[in-house]
Number of protein chains: 4
Amino acid sequence: MRKLDPIKHDEKRREILEAAGRCFQRKGFKGSSISEICAEAGISPGHLYHYFGGKDAIIVAIAQSHLDALAERFHKTLAREEPIVDAIVAEINWLTPGDGVTKATLLFEVLAESTRSEAIARDLQSHSRSMRELVAKLLQKGQARGEIDPALDPETTAAVLISLMDGARALALRDREIDSHQAAAVYDLLIRRSVGWPRPAPMPSPLGDP
Amino acid sequence: MRKLDPIKHDEKRREILEAAGRCFQRKGFKGSSISEICAEAGISPGHLYHYFGGKDAIIVAIAQSHLDALAERFHKTLAREEPIVDAIVAEINWLTPGDGVTKATLLFEVLAESTRSEAIARDLQSHSRSMRELVAKLLQKGQARGEIDPALDPETTAAVLISLMDGARALALRDREIDSHQAAAVYDLLIRRSVGWPRPAPMPSPLGDP
Amino acid sequence: MRKLDPIKHDEKRREILEAAGRCFQRKGFKGSSISEICAEAGISPGHLYHYFGGKDAIIVAIAQSHLDALAERFHKTLAREEPIVDAIVAEINWLTPGDGVTKATLLFEVLAESTRSEAIARDLQSHSRSMRELVAKLLQKGQARGEIDPALDPETTAAVLISLMDGARALALRDREIDSHQAAAVYDLLIRRSVGWPRPAPMPSPLGDP
Amino acid sequence: MRKLDPIKHDEKRREILEAAGRCFQRKGFKGSSISEICAEAGISPGHLYHYFGGKDAIIVAIAQSHLDALAERFHKTLAREEPIVDAIVAEINWLTPGDGVTKATLLFEVLAESTRSEAIARDLQSHSRSMRELVAKLLQKGQARGEIDPALDPETTAAVLISLMDGARALALRDREIDSHQAAAVYDLLIRRSVGWPRPAPMPSPLGDP
DNA sequence: TATGAATGAGGCTTCATTCAT
DNA sequence: TATGAATGAAGCCTCATTCAT
């Protein structure tokens with residue numbers, strides 16, 4: 001009846017969300033049942049409905065919180081004030097080790113679900129927009145400093161750079177036999193060579209050019 | 001006495017698979033029910049089990065056939081005998097128009113499911129491996145011709161290039177407000193600058209450098 | 001907070017079991033559907049699964065409880081401390097009236113099912129063993145008292161005597177036109193003459209012998 | 001359209017019936033599906049309906065043919081013209097070896113089903129009646145010859161003796177650890193002592209009586 | 001005679017959700 | 001706040017049966 005402790009309430013909500021996240025990672029959104037989530041969270045099914053309006057609400061909340069978590073990670077990396085290119089490379093480096101599968105699953109779940117759920121689509125897009133704007137701003141700063149090719153449209157380039165991270169996640173699932181450090185090195189090179197400025201000098205052709 | 005046309009049998013199987021594909025695209029693997037699929041295919045629920053052992057078998061078959069379709073598209077593009085870089089860029093260009101959402105959904109569904117289904121994981125990886133090997137071979141050819149940076153490891157580079165296509169698909173869902181042609185141009189530039197050889201000369205800074 | 005009455009839980013379980021027992025008696029194990037059982041028990045189909053893991057679990061539980069019931073009846077009869085032979089005869093007498101059909105059905109269902117279900121086979125055999133051992137002990141006592149032929153192996157004889165009760169149940173189904181009291185009298189005579197000791201004197205032939 | 005060969009027709013029917021019998025033995029009446037039976041018989045489901053009106057018809061036919069087989073066995077034993085008591089003992093001896101389980105299953109299936117199917121109930125009772133009458137006649141003959149206790153009602157005694165065989169089948173399922181030969185010996189003794197005439201002299205007490 | 005495609009009802013079970021306590 | 005009993009719709013699948021060939 002009375003809100004005894006709104007802080008505890010939020011904490012419980014978070015606990016449930018974490019339990020749900022583990023379930024969803026293992027079995028997917030539709031594959032996880034409310035009772036599985038309750039078991040994982042150690043609460044009763046009835047109780048769960050004090051914290052969430054229904055399964056869809058949980059899914060939306062998980063999608064949000066997962067996107068939040070990714071954004072937060074990214075913000076922390078950016079906070080180190082390195083050149084933006086280094087930050088992106090660092091993110092991709094973080095993705096590549098063996099637990100890439102685990103890290104990637106939920107995002108693809110969210111991407112797929114964004115196709116069906118208007119709410120998730122909105123979340124996804126607003127998150128992406130804010131990350132994109134952040135990156136764009138840094139790119140502009142880099143352009144001002146002469147570190148980034150000024151010919152690039154910051155917004156579009158930002159979107160593409162971010163999409164590279166999704167690609168790296170896909171790679172973790174697709175090519176489990178590819179050495180992750182080598183892959184990271186290729187990404188690094190790919191990014192530096194393409195957006196960097198002044199463009200790195202062409203390496204002398206191994207065949208020798210006159 | 002009369003063994004009835006195994007051709008018709010295969011055709012029906014394909015029909016059902018197509019119906020299932022449409023459902024899965026709309027509602028996802030777990031979100032599509034057998035009866036929805038049957039309705040879409042215009043058959044009775046019982047009948048479906050003459051053609052597939054169960055829902056999982058359908059999902060696996062769809063995953064396979066979707067990956068096959070993607071591979072086939074890619075092969076066709078490669079068959080044009082352009083430089084590999086152009087082929088990849090062309091693929092990404094194909095992805096970018098407005099129906100990108102539709103084109104992307106099933107792949108993410110498959111990526112997510114590969115986390116849970118051993119069979120799908122195997123399919124995904126073998127498909128990826130064969131695409132990767134193909135691209136790697138072309139990269140080597142390009143290196144021999146002096147079109148591709150010889151410093152790059154072909155296999156790893158191939159994996160990364162392919163992952164760019166997945167990234168482009170993610171971009172279609174994430175950033176629906178980004179102009180797809182501009183994005184394609186950025187991808188193009190990104191790829192050419194990084195793997196191309198002889199490295200394109202640094203463009204003169206638009207700001208003018210002394 | 002409040003763990004709800006485990007007693008009520010058990011009671012409900014028993015209620016469902018009783019409903020299932022009635023269904024199984026009417027239609028057999030495989031012939032009774034979960035929804036029939038639910039209707040008989042007055043609960044919803046979903047609810048049944050809070051109490052039983054599945055239909056097989058119900059069948060096993062019914063088999064157990066039916067065997068328990070038979071054993072209990074037998075124990076009560078034995079508790080009257082009559083000679084063992086009288087007890088067996090009394091049991092057979094109880095079986096013979098017109099409702100013999102009803103009484104016999106479930107047992108044959110269990111016997112047939114014991115062929116297919118390892119769990120039921122185990123139950124059946126452990127129940128039989130314990131009844132057999134009980135009877136064997138009483139036979140030994142009878143042998144000590146000179147009431148039972150000491151040449152008989154108690155264990156084997158016990159098994160055979162118990163099997164007579166199954167036979168009597170079969171008779172109820174096979175020969176509905178046979179007078180049950182007469183049959184009981186023949187069983188009585190059969191048992192007394194064969195295991196009794198001192199052997200009853202040969203009756204004088206009614207035809208008279210010189 | 002035309003009955004090409006009524007003999008072949010009957011033969012096929014028998015083949016199907018045998019296949020069905022094997023299925024029913026393994027899985028029971030309700031537990032065996034038409035398609036299992038078809039697979040076992042090596043025919044198509046549609047074809048089966050040229051020989052039988054439906055599953056129930058097959059069950060009834062199997063029940064009949066199983067009862068027929070049992071009766072035939074019994075007739076053959078009786079044809080040896082031994083005393084009736086020896087014949088019954090021989091039957092029980094045949095039942096007791098280790099494959100008793102296999103031999104018993106179908107009969108219990110039939111007994112249980114006779115509770116639900118009027119047709120099977122009729123079959124069962126008419127078979128039992130005819131066996132009973134046969135045995136009764138032999139008992140009367142034995143009484144005339146002074147081999148059987150003349151005090152026994154032939155019809156009722158016959159029913160009871162036949163029920164002993166059912167009991168022996170139950171014993172095979174209930175008490176798999178009981179030595180079957182010993183059990184057979186006890187049955188033998190049980191029958192001889194009870195219906196035999198002149199009654200075997202009381203054996204001297206092993207303890208010695210004054 | 002023989003096949004196997006086709007049906008649709010119904011079986012078992014799971015699930016999201018609600019409600020009394 | 002917390003429980004778990006309770007519901008009934010729906011999901012996957014199997015089945016007996018029919019029909020065109």
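Residue numbers start from 1 in every chain, and the chains themselves are labelled A, B, ... in the order their sequence lines are given, proteins ahead of strands.
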task = Report which part of the nucleic acid A:Phe52 touches: base, sugar-phosphate, or nothing (heavy-atom distance under 4.0 Å, all strands).
result =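 Nothing, no heavy atom under 4.0 Å.
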query = When all nucleic acid strands are considered with a 4.0 Å heavy-atom cut-off, which category describes D:Ile34: base, sugar-phosphate, or nothing?
reply =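 If one applies the 4.0 Å heavy-atom cut-off, D:Ile34 turns out to touch a base.
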In this structure, how many angstroms lie between the [atom2] atom of [N] and the [atom1] atom of [X], rounded?
X       : N      : atom1 : atom2 : value
B:Leu48 : E:dG8  : CG    : P     : 15 Å
D:Phe29 : F:dC15 : CZ    : P     : 17 Å
D:Lys30 : E:dC12 : NZ    : C1'   : 16 Å
D:Glu11 : E:dT1  : CD    : C1'   : 15 Å
C:Arg13 : F:dG4  : CZ    : P     : 17 Å
D:Ile58 : F:dA16 : CD1   : P     : 9 Å
D:Lys55 : F:dC15 : NZ    : P     : 8 Å
C:Ile43 : F:dA5  : CD1   : C1'   : 11 Å

key: Nearest-nucleotide pick for D:Tyr51, side chain only, options being F:dA6, E:dA2, E:dC12   =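 My answer, after comparing the listed nucleotides, is E:dA2.
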request  = Name the closest nucleotide to the B:Ser33 side chain, picking from F:dG11, F:dT3, F:dA2.
outcome  =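 Side chain of B:Ser33 sits closest to F:dG11.
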ask   = Could a donor-acceptor pair under 3.5 angstrom be found where the side chain of B:His9 meets the base of E:dA5?
value =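 Between E:dA5 and B:His9, which were checked side chain against base, a qualifying N/O pair under 3.5 Å is absent.
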query = With nearest nucleotides of DNA chain F determined for C:His47 and B:His50 from heavy-atom distances, which residue corresponds to the more 5′ nucleotide?
reply =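 The answer here is C:His47.
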inquiry  = Can you work out whether B:Lys12 or C:Pro45 has the more 5'-proximal nearest nucleotide on DNA chain E?
reply    =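 First, find each residue's nearest nucleotide; the 5'-ward one identifies B:Lys12.
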ask   = Do B:Glu40 and B:Arg26 sit within salt-bridge range, that is, some charged N less than 4.0 Å from a carboxylate O?
value =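 Looking at B:Glu40 and B:Arg26, the cut-off is met.
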query = Between the main-chain N or O of B:Leu48 and the side-chain N or O of B:Lys12, is there a donor-acceptor pair closer than 3.5 Å?
reply =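 No, because the side chain of B:Lys12 does not come within donor-acceptor range (under 3.5 Å) of the backbone of B:Leu48.
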ask   = Would you say C:Gln125's side chain and C:Ala121's backbone share a donor-acceptor pair under 3.5 angstrom?
value =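 Here the side-chain-to-backbone pair exists.
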ask   = Counting only side-chain N and O atoms of B:Tyr49, is one of them less than 4.0 Å from OP1 or OP2 of E:dT7?
value =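 The answer is no; no side-chain N or O of B:Tyr49 sits under 4.0 Å from OP1 or OP2.
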message = Using Watson-Crick or G-U wobble geometry with both distances under 3.5 Å, which nucleotide pairs with E:dT3?
response =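 Paired with F:dA20.
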ask   = Considering Watson-Crick and G-U wobble pairs with both distances under 3.5 Å, what does E:dG10 pair with?
value =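 Looking at the geometry, E:dG10 pairs with F:dC13.
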task = For residues B:Phe24 and B:His66, establish whether the separation of their ring centroids is below 6.0 Å.
result =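 B:Phe24 vs B:His66: aromatic centres not under 6.0 Å.
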Minimum-distance pair of heavy atoms, taken over all atoms of D:Ser32 and D:Cys23 =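 Closest approach of D:Ser32 to D:Cys23, heavy atoms only: OG-O, 3.1 Å.
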